[in-house]
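Following: one structure in structure tokens, then a few remarks.
In what follows, chains carry the letters A, B, and so on, assigned in the order in which the sequence lines appear, proteins first and then strands, with residues in each chain numbered from 1. Scope of the values below: all heavy atoms of this structure, side chains included, with no hydrogens, waters or symmetry mates. All values derive from a computational prediction rather than experimental measurement.
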Number of protein chains: 2
Amino acid sequence: MGQDKPKYQQLKEYLIELIDSNELTKGNRIPSENELAGRFNISRHTVRRGISELVNEGVLTTTQGKGTFVNQGFRNNRQNLIIGVITTYIGDYIFPSIIRGIDQVLSENGYSIALGCTNNQFEKERQCLENFLNQDIKGLIVETTKSALPNPNFELYEEFKKRNIPVLFMHGSYKGCSASSIYVDDVEAGYLATKHLIELGHKKIAGIFKIDDIQGHARFEGFCKAHKEFGIALNDNRVLWFDTNDLKYKFSMQSGEIIIEFFEDCTSLVCYNEQIGLKLIDIIRGKGGIIIPNRLSLVSFDDSDLAVASEVKMTTVAHPKEKLGIEAANLMLKMITENQEVFKVKMTPELVIRNSTGPVTG
Amino acid sequence: MGQDKPKYQQLKEYLIELIDSNELTKGNRIPSENELAGRFNISRHTVRRGISELVNEGVLTTTQGKGTFVNQGFRNNRQNLIIGVITTYIGDYIFPSIIRGIDQVLSENGYSIALGCTNNQFEKERQCLENFLNQDIKGLIVETTKSALPNPNFELYEEFKKRNIPVLFMHGSYKGCSASSIYVDDVEAGYLATKHLIELGHKKIAGIFKIDDIQGHARFEGFCKAHKEFGIALNDNRVLWFDTNDLKYKFSMQSGEIIIEFFEDCTSLVCYNEQIGLKLIDIIRGKGGIIIPNRLSLVSFDDSDLAVASEVKMTTVAHPKEKLGIEAANLMLKMITENQEVFKVKMTPELVIRNSTGPVTG
DNA sequence: ACTTGTTGGTTGTGCATACAAGTTAGGCAT
DNA sequence: ATGCCTAACTTGTATGCACAACCAACAAGT
């Protein structure tokens, strides 16, 4: 053995080499403490110290009276590579795709995902964060909860920073927090959608946006930007805002009349996402008379499964979804190796033209 | 202090109490080893042993020359309640709902989810299992990968059993493995779907099923059972089998002619799931001439979002999805408290009648 | 003002020893 | 042959000692 390292350390390395070279394998008993002490001419106490560390690392198990045994092989690669992922919702709409993208990259690199889900509540976000602080995670990817509001869990994020655990925010980061983030340019998305309609000759364009969601605001901003750029006046009556609760009631068949009245004098519609878009298509179909895209052109956002589910294949501005997840995961891996650097990545959405939009008629 | 427990253990408890009662909080230095040794009249070595265990548990940090300090609070509730969840796919179809159901229950009970995803490959399943063996999980919920084939990762499941970590299989368990499982009665599902058509007067019923999936077999079995029960002959030419690879090619517009020919002389169709159902509706719509349900009644399975996405609202046999996840999670919690018992839970699917089916005409 | 050395305190490594407690196998008595 | 006991071996707990490495603060010298 060498001379600089402590003896118990040298013993550890000796034992690990025995295991790695398969001279000792799962279930085998290692020499007794006294035997090792005698063989290397060190005290039993020193042997015990080395062994106890390996027990802590999960390599060995000791049983009083019987001996010390090599564990079942699995813990030999003594790494615990977990990335925490916190999203607002699992299982809805585009979130699964994002998670799948993340998983794809991470699992290829030997990491696994620990999942948390906030349901857009700060309290649950806090729980998730505390949970992850108790685990030995190597990084954290967070989809921000209520990103427009000040975040009460700020100190917990600071704690990750203190521990040198990189944190990456998705879909916008919290104010005043100089953390890394990856997000989609939703202003551009709104702009692209609206511009597409304008270029088809539309001038009376209605818009439906979500009010309690930063993406809704951003898409509306793009909506305005396009109007301004092409010198088209923006009519407030043509913009409809809704929030999460409205989803169940506002867009049902029963209230269909009201909705249809809303965009009656328009030739086209920018629609916050495809869940809403699909409900509108249903309402319009039920009502009869209005044909897409002849009478009404419809642009939506995200390009989820729902975009092509009905007979009307929606023109939409595609959210990168899986690609966003992949980018996020790659970025996280980069952050883990390159210490503490701050990245800001913007992803650009793309217009996908299908047959829910057409040139303005009549 | 007491008398039965080892002294280093008593010291640990003493220190933890100091921390829990906030007499020592994050960042504080604890008394030096010599001081503690003197105060309790034990040897410094014994003190060191107690402290070293607390260091290992993440409660304390020692620095040579400076002293030993209390860590930043969060690890004080020294629990690590994680449940491993392995599914074939994340993000597709009904799986997100199942995961959401699991998360809902577990997070309420202070657990968090560690996610793994096999893409239906044994190799990746193995990776996930080894990963979870390296973590300190309290239970494992597995959606079986290629459940019809013998499983090469059997020994890994055995290892969980050995460590007293309960394992719960979803959607069928591996052969020869006496583990707990929760599953949907897919034979009943196939039976319900077919019976519904028969009761509407249909006698020429086509079927499309997935061959590399145990659910496909089961639903087909129910399909046969209904035919037999009502004394209707089963024609092999009316049953079409496909596997995962076919998804991309077999059910596209290009090959639409062949598909349509296949059920040309039938009045109704039992369709493996709604992904396929929707593609068929697309093909039929593109071809023109065939109207659902007038010329062709269509029953599908699962009741996902896709069932009501198009203008044809599909009659379907509903998979419990989220409810299955909730049940699975509850069962897991039960298994954790009640040691090593084996549960078998069967969930019954329900027929949801919409307007893709109607009485036979002509 | 700055460097250097000393001093006393802290944790880190290491040795020798003793007895307690659990496991196993072989020997003895029944 | 069966069952109990003991001896020998294992790890677990505990003490006492010695010196090394490191840290902070203060004092002395430049």
Side-chain angles (χ1 to χ4, degrees), chain A residues 1-16 18-19 23-72 75, chain B residues 1-16 18-19 23-72 75 162 164:
Chain A
M1 299 209 238
Q3 30 181 317
D4 37 357
K5 288 179 197 167
K7 295 186 182 174
Y8 73 92
Q9 188 70 37
Q10 293 176 38
L11 179 74
K12 272 177 70 176
E13 283 165 16
Y14 168 75
L15 289 173
I16 284 179
L18 279 189
I19 294 168
E23 286 183 60
L24 288 174
T25 57
K26 43 182 173 179
N28 284 161
R29 218 196 77 188
I30 70 169
S32 80
E33 296 175 353
N34 282 321
E35 157 121 29
L36 286 170
R39 192 189 300 177
F40 295 114
N41 206 21
I42 54 180
S43 79
R44 182 177 156 224
H45 197 65
T46 307
V47 173
R48 277 181 70 72
R49 162 117 198 226
I51 288 177
S52 92
E53 294 205 356
L54 288 175
V55 168
N56 254 309
E57 291 168 24
V59 180
L60 302 176
T61 304
T62 66
T63 316
Q64 188 176 153
K66 288 180 76 174
T68 301
F69 301 85
V70 178
N71 274 350
Q72 301 285 106
R75 297 201 179 218
Chain B
M1 301 211 237
Q3 30 183 317
D4 37 358
K5 289 179 195 165
K7 295 186 183 174
Y8 73 92
Q9 188 71 36
Q10 294 175 37
L11 178 74
K12 271 177 70 176
E13 284 164 17
Y14 168 76
L15 290 173
I16 284 178
L18 280 189
I19 294 168
E23 287 183 58
L24 288 175
T25 57
K26 42 182 174 178
N28 284 159
R29 220 197 74 189
I30 69 169
S32 79
E33 296 176 355
N34 281 322
E35 157 119 31
L36 287 170
R39 192 188 303 177
F40 296 113
N41 206 22
I42 55 179
S43 79
R44 181 177 159 225
H45 200 66
T46 306
V47 174
R48 278 182 69 73
R49 163 117 198 226
I51 288 177
S52 93
E53 292 204 358
L54 288 175
V55 168
N56 254 307
E57 291 169 23
V59 180
L60 302 176
T61 304
T62 67
T63 315
Q64 188 177 153
K66 288 179 77 174
T68 301
F69 301 86
V70 179
N71 274 350
Q72 302 285 105
R75 296 201 181 218
K162 221 181 275 172
N164 235 330

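- Taking side-chain N and O atoms only, A:Thr63 has no distance below 4.0 Å to OP1 or OP2 of C:dG22.
- Between the P atom of C:dG8 and the CD atom of B:Glu35 lies a distance of 19 Å, rounded to the nearest Å.
- When the nucleotides D:dT15, D:dG12, C:dG12 are ranked by their closest atom to the side chain of A:Arg48, D:dG12 comes out on top.
- Across all their heavy atoms, B:Lys12 and B:Gly50 have their closest contact at CG-O, 3.5 Å.
- When the side-chain nitrogen and oxygen atoms of A:Ser32 are compared with OP1 and OP2 of D:dC9, none of them lie within a distance under 4.0 Å.
- Screening B:Leu18, B:Ile19, B:Val70 for a side-chain contact (heavy atoms from CB on, under 4.5 Å) with B:Ile30, the sole residue that qualifies is B:Val70.
- A close approach under 4.0 Å does occur between a side-chain nitrogen or oxygen of A:Thr46 and OP1 or OP2 of C:dC15.
- A donor-acceptor contact under 3.5 angstrom links the side-chain atoms of B:Arg44 to the base of C:dG12.
- As a whole-Å value, the separation of A:Gln10 CD from C:dT13 C1' is 12 Å.
- Summarising the geometry of A:Arg29 relative to A:Gly67, their closest heavy-atom pair is CD-CA, 4.1 Å, with the distance given to 0.1 Å.
- When rounded to the nearest whole Å, the span between CG of A:Leu36 and C1' of C:dG14 equals 16 Å.
- Taking the six-membered ring for Trp and thresholds of 30 and 60 degrees, B:Phe40 and B:Tyr14 have ring planes more than 60 degrees apart, a perpendicular arrangement.
- Between C:dC15, C:dT13, D:dT11, one nucleotide has an atom nearer to the side chain of A:Asn34 than all others, and that is D:dT11.
- Regarding A:Gln9, its CD atom lies at a distance of 14 Å from the P atom of C:dG12, rounded to whole Å.
- Toward the 5′ end of DNA chain C lies the nearest nucleotide of A:Glu53, the other residue of the pair A:Gln64 and A:Glu53 mapping further downstream.
- Going from atom OH of B:Tyr8 over to atom C1' of D:dA14 covers 11 Å, rounded to whole Å.
- Separating the NE2 atom of A:His45 from the P atom of D:dC17 is a distance of 15 Å, rounded to the nearest angstrom.
- Atom CD of B:Glu33 is separated from atom P of D:dG16 by 16 Å (rounded to the nearest Å).
- Checking D:dT11, C:dT11, D:dA14 against every side-chain atom of B:Thr68, the shortest atom distance belongs to C:dT11.
- Distance from the side chain of A:Lys66 is smallest for C:dT24 among the nucleotides C:dT24, D:dA14, D:dT11.
- Rounded to whole angstrom, the span from the CD1 atom of B:Ile42 across to the P atom of D:dA14 amounts to 8 Å.
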